[in-house]
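A quick note: this is a predicted structure, and the numbers were derived from the prediction, not measured. Numbers restart at 1 for each chain; the letters A, B, ... are given by sequence-line order, proteins then strands.
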Amino acid sequence: MTESPSLKDLNPEQREAVLHTSGPLLVLAGAGSGKTRVITHRIARLVESGADPRGIVAVTFTNKAAEEMRSRAQRLMGGRVAIGFIGTFHSWSLRFLRRNAAAAGISPRFSIADSADQLALVKEAMGELGVSETMLPAGSVRARISHAKNALVTVESFEAASNDFAGERIGKVYRLYERKLAAAGALDFDDLIVRAVRLLTSREDVRNLERRRTRHLLIDEYQDTNTCQDALVKLLGEGADSLCAVGDEDQAIYRWRGAEVEHILHFDQDFPAAKIVALERNYRSTEKILESASALVSHNRRRRPKRLRAERGGGSRVRLWRFDEDRSEAEAVARDVGASGRAPSEIAILYRTNAQSRGFEEELVRRRIPYVVVGGMKFYDRAEVKDALAYLRLAARPEDDLAFRRVVNVPARGLGSATLDRIAEASRQTGRSWWEVSGEPLAGLTDRARQGISRFRAIVTDLHEKAESWSPSALLEHLLDASGYAALYENSDEREDVARRENLQELLSSAREFERRNEEGAGVSEYLDAVSLATDADAVPLSGGAVTLSTLHAAKGLEFPSVYVVGLEEGYLPHGNSGDDPDELEEERRLLYVGMTRAGDQLTLTLAGRRLVYGKVQYRSPSRFLDEIPSEALEERVESGDRSSAAAYAPRFGGSRPARFEAIEPEDEPQEAPLGRGRRVRHPRYGYGVILAQEGSGEDTRLTVYFDRAGKKKFVARYADLTPA
DNA sequence: CTGCTTCACCTTTTT
DNA sequence: GGTGAAGCAG
C-alpha cells in the first residue's frame, strides 16, 4: 500500500500532529523543526480524509508566510483545491467586515487608515485638545491607543482606568481620535480585528454563521497572538471540528505589539481537552549552532523546558568577531561574504535596528555584491506611491477625507492652509465629508481657491465615474495624467524625480500583477484592500542571487546556510530601550535566539567597540548575551587595526581572553574618489549640479560643475564647499 | 501661497 | 546621518 502524500516524509511527531484532526491541538514547534510542513500536510490530510476544503481556515501573521503556506499546500495536493481561507489575521478580518458591514454598523466601503494616517489624526486630535506634544509625543500616544485596542480596551474603559494626568489626556485623545476615524469613514489596522471580535461577540447569529463556515482552524505563530487575536481564535475555534495552534514560545518577539506568551503557555488550560505535540528535531542547523542558541535561550524563565536535537551533527563552531569600529565590522563582513564562495542568496546579514543596514549596504555596493533589504523604507510608504493611491481611493469613494486631504493640493492648486482650515471647520460643523462640504459655496474663499477646488472636484468626479468599470491599472495610469501628478516629475533628471517616476511605474506593474492574479473580482476596491494590507516584505522580488539584509524581527521564518548577526553590543542586544525589565530582557534574548537559529551551516556573530550613532561616536561594550553562549562552541577573532586605541579599550571586551588572536589584514583597495566626473553634488549657493570635468589632483584639483539652475562654474576643489548629493 | 532653508529629534522591532 | 516641522523670502 502506498502512503498518501499527506503522510509522506514525516517523522513520528509530525505525523502525530497531522493525524490528530479532531478537537484542539497544540504543536510546540521548535526552530527548524518542520512547522510549515506540519501545517501544510495537515491541510492536505484534512482534504484527503473528506473534509470540505472551503471549511478550512489557516491564519498567519504575514502575507509572506501565508503565500508560502498556500503554495506548499497546493503543491502537496497536486493542484487547485479551493481552501476556505489562507491569510493573515488582518485580511481575514477585513473580508469578514466587508461581508458583515451592516451588522457591524459601518459603511461597507470603509477605507483603511495606515500608520501615517493614524499619526496625523492623533496629532490633529492633540492639537484640538491642546495637549502638548512636548510632554506626550504623538507617536507614543498612538502606541498607547493601539495597545489599548489590541487589549480590547474601549475608550470608556480606558478613561475609567486612567486617573493620572497623562492617562486622562490620552483618554481624551483616544476618544477624539475614534470620532475622527469614524468621520473619515475609516478603520485603522487594529480596528479590523477589534471590530471583528466585537461583532462575533455581540451577535449570536453572525457568530453561528461564521462558525458553520469555519470547520477546521489552523493558527501559525501562536506565541505572537495578542489579546484581540487570541479572542478571535477562541471565538472561531470553540465551534470548529478541529483547532490547531502552532508556535514556539522561544520565538515570541512581539510583546511590544501586545502579544502575550501566556496564550501559548496556557493553551492546555483554555482548552483542557487539548493534545500537545512537541517537535524537537531540528533539521536546519548543525550541532554547534543549535547548541549555542539553545544555551542562550535556556536563560529564559518563562518557557517550557525543552531540548532541541540537531539531526545534522557536527558542523563548525560559531564565529565571534570583535572589531574596533563599525566600519571595520561592515567591511570584514562584506569581504567575507565575497570570499565565502557561496551564492549570495545563501547568505543573510541580520541586525537589531533598520538603521544598521546602511554600513553593510555601502560595503556590499563597493564590492558589487547584490543584496536586498527586507523592510526598511517601504515601497508603499513612499510619498508618490501614497499620493497616487490617495487619488485611487478618492476614485472609489470621494468621501474618503484622509485621501482628500492628502492630495487636494498636490500638485499645487493654490489651496493653502487657510482654505483647508475652512473646509475642515465646515466638515466638523456639519458632520459631513470634505468632499461634500467642498461642493457647496464656502464663505471667505479667494477666487483662486474656488478655482482650485473646482478643478480638483472635476478630476475626482471623472475618476469616480470610471472607478466601477475601469481596471485598477488603467485607472491609475489615467489618474496620474488627469490629476497633473505625473507632470510634477516629468522632464527632470533630478535623481529623486527619476526615482519617483520609477516608483510610479512599479506601482502600475503591481496593479497589473494584481489583475493577473485575480482574474475575476479584481476591481479598484479589491486592489485597494490588497494594497492596504501589503507590506514591503511581500513586494520584494525574489531576484536571483542576492544577500538578504534584514532586521531580526523580519527574519523570523527564514533560513540561510550562512548567517551574520551583527552589532552584538549592549544597546542593540538588548536594545537600550528595554531597560531592566526582565520580561523585555527575555524578549531580547529570544530575538537573538531567532537570529541564530536562522543559520544552517555557518553562524557569525560580530560586534564593534565604537560606532557612529546619529553621527556621533559611541563607545560600546559587548552584549551580555555573549556570556551565555558556551565558549567551547565559539571561535573568536579580534581585529586590532587601530593600534592607538586597541590597547586602551581591549579590556572593555572583558571576561576570558579570545581563544585566538589574529589581526585581520587591512586590505588595499582604491578608495572611490569622493568627487569625480559624473557625480552629483550640492553647493550651498548654486544648489544641485553634476561634475563635468576634473583637472589636476590632490590639493590642486579643479572641478567644473554644471548646476541645474546656475549653469557652468569652476572651482578649486579644496575651497569649494561641495558635498556629494 | 510656495519653495527653500534651517533645526530638532530621532529609531527598536510591524500587521 | 536623515527626515519632518517650522520659519522665512519671493
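We find that CG of A:L187 is positioned 19 Å from P of B:dT15, with the value rounded to whole Å. Across the protein-nucleic acid pair, A:N150 atom CG and B:dT15 atom C1' stand 10 Å apart, rounded to whole Å. Atoms CZ (A:R255) and C1' (B:dT14) sit 16 Å apart, rounded to a whole Å. A straight line from NE2 of A:H553 to P of B:dT11 spans 15 Å, rounded to a whole angstrom. Here B:dT15 presents its P atom at 18 Å from NZ of A:K149, a figure rounded to the nearest Å. If you measure from atom CZ of A:R450 to atom P of B:dC1, you get 14 Å, rounded to the nearest angstrom. At whole-Å resolution of the value, CD1 in A:I112 and P in B:dT14 are 20 Å apart. Rounded to an integer number of Å, the gap from A:Q229 CD to B:dT15 P is 12 Å.
For the segment residues 587-597 of chain A, the set of residues with a heavy atom within less than 4.0 Å of an atom of DNA chain B is empty.
Among the heavy atoms of the strands lying under 4.0 Å from A:N409 are primed sugar atoms or P, OP1, OP2 only; no base atom is included.
Between A:W256 and B:dT13, a base-stacking contact is recorded: ring centres under 5.5 Å apart, planes less than 30° from parallel.
Residues satisfying the ring pair (Phe, Tyr, Trp, His ring centres under 6.0 Å) criterion with A:Y489, sequence neighbours excluded, are A:Y485.
The side chain of A:A412 lies closest to B:dT2, out of B:dC1, B:dT2, B:dT15. Taking the side chain of A:T419 as heavy atoms from C-beta on, and the options B:dC1, B:dT15, B:dT13, the nearest nucleotide is B:dC1. The side chain of A:A355 lies closest to B:dT11, out of B:dC1, B:dT13, B:dT11.
By the 4.5 Å heavy-atom criterion applied to side chains, A:I253 and A:V594 are counted as neighbours. In this structure, A:E584 and A:H575 have side chains that are not in contact, with every pair of non-hydrogen atoms separated by 4.5 Å or more. Using a 4.5 Å heavy-atom threshold, the side chains of A:E221 and A:T62 count as separate. Residues A:Q229 and A:V59 form no side-chain contact, since every pair of their non-hydrogen atoms from C-beta on lies 4.5 Å or further apart. Here the side chains of A:M126 and A:V122 are in contact, with some heavy-atom distance below 4.5 Å.
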Verdict with reasoning, A:K149 to A:D188, per side-chain contact (heavy atoms from CB on, under 4.5 Å): CA-CA 10 Å; A:K149 288 190 177 187; A:D188 65 23; 2.7 Å; yes
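If you take atom C1' in B:dT11 and the same atom in C:dA6, they sit 22 Å apart, rounded to whole Å.
Between A:F189 and A:H90, the ring planes are perpendicular. Angles over 60° get that label, and only those under 30° would be called parallel.
Side-chain N/O atoms of A:T551 include one lying less than 4.0 angstrom from OP1 or OP2 on B:dT14.
Taking 4.0 Å as the cut-off between side-chain N and carboxylate O, A:D324 and A:R610 do not count as a salt-bridged pair.
Along DNA chain B, the nucleotide closest to A:D190 and the one closest to A:P137 are compared, and the more 5′ of them pairs with A:P137. Both A:F89 and A:R413 lie close to DNA chain B; mapped to their nearest nucleotides by heavy-atom distance, the more 5′-ward contact belongs to A:R413.
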Below 3.5 Å is the cut-off: list the nitrogen or oxygen pairs between protein and nucleotides 1-8 of chain C, distance only.
| residue | atom | partner | partner atom | Å |
| --- | --- | --- | --- | --- |
| C:dG1 | N7 | A:Y614 | O | 3.4 |
| C:dG1 | O6 | A:Y614 | O | 3.0 |

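Exactly one of A:R590, A:K556, A:R303 qualifies for a salt bridge (Lys or Arg N to Asp or Glu O under 4.0 Å) with A:D250. That residue is A:R303.
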